[in-house]
Amino acid sequence: MKIGIIGGGPSGLSLARLLADRPGVSVTVLEANARLGGNSRTAKLNGTLVEFGTATIGLNSWTLNRWMRQEGIDLIPLAEQNFDGRPLIDYVKSGGGPALA
């Protein structure tokens, strides 16, 4: 069975990972943006990663971005984040079961 998931945000990637573990299922994630992660944001504040989750859904994105600039907080695209010493997307793709396309 072939399944297409529209959106590479937290929900789409989580669903893709779960479905890809099922026998006979082929999953493709379609994302319009240049980066995965949807509205999730991670920032670096004084060397510490701070998760904003999907805060931009409840707040105006421009307000959050302006505040972050004022505080000197750098946004880190999901594709540039690391987990266990390797790129996060590699970690997600290498989970149990077949690799994500």
| field | Evaluation steps, side chain to side chain contact (heavy atoms under 4.5 Å, CB included), between I3 and T28 | value | CA-CA 6 Å; I3 298 175; T28 300; over 6 Å; no

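- Here the closest heavy-atom approach between residue V29 and residue A16 is recorded as CG2-CB, 3.5 Å.
- Once rounded to the nearest 0.5 Å, the distance linking CG of L18 with CG of L13 reads 11.0 Å.
- Looking at heavy atoms from C-beta onward, I5 lies out of side-chain contact with L30 at the 4.5 angstrom threshold.
- Under the 4.5 Å side-chain heavy-atom criterion for Ile, Leu, Val, Met, Phe, Trp and Tyr, M1 and L19 are members of the same hydrophobic cluster.
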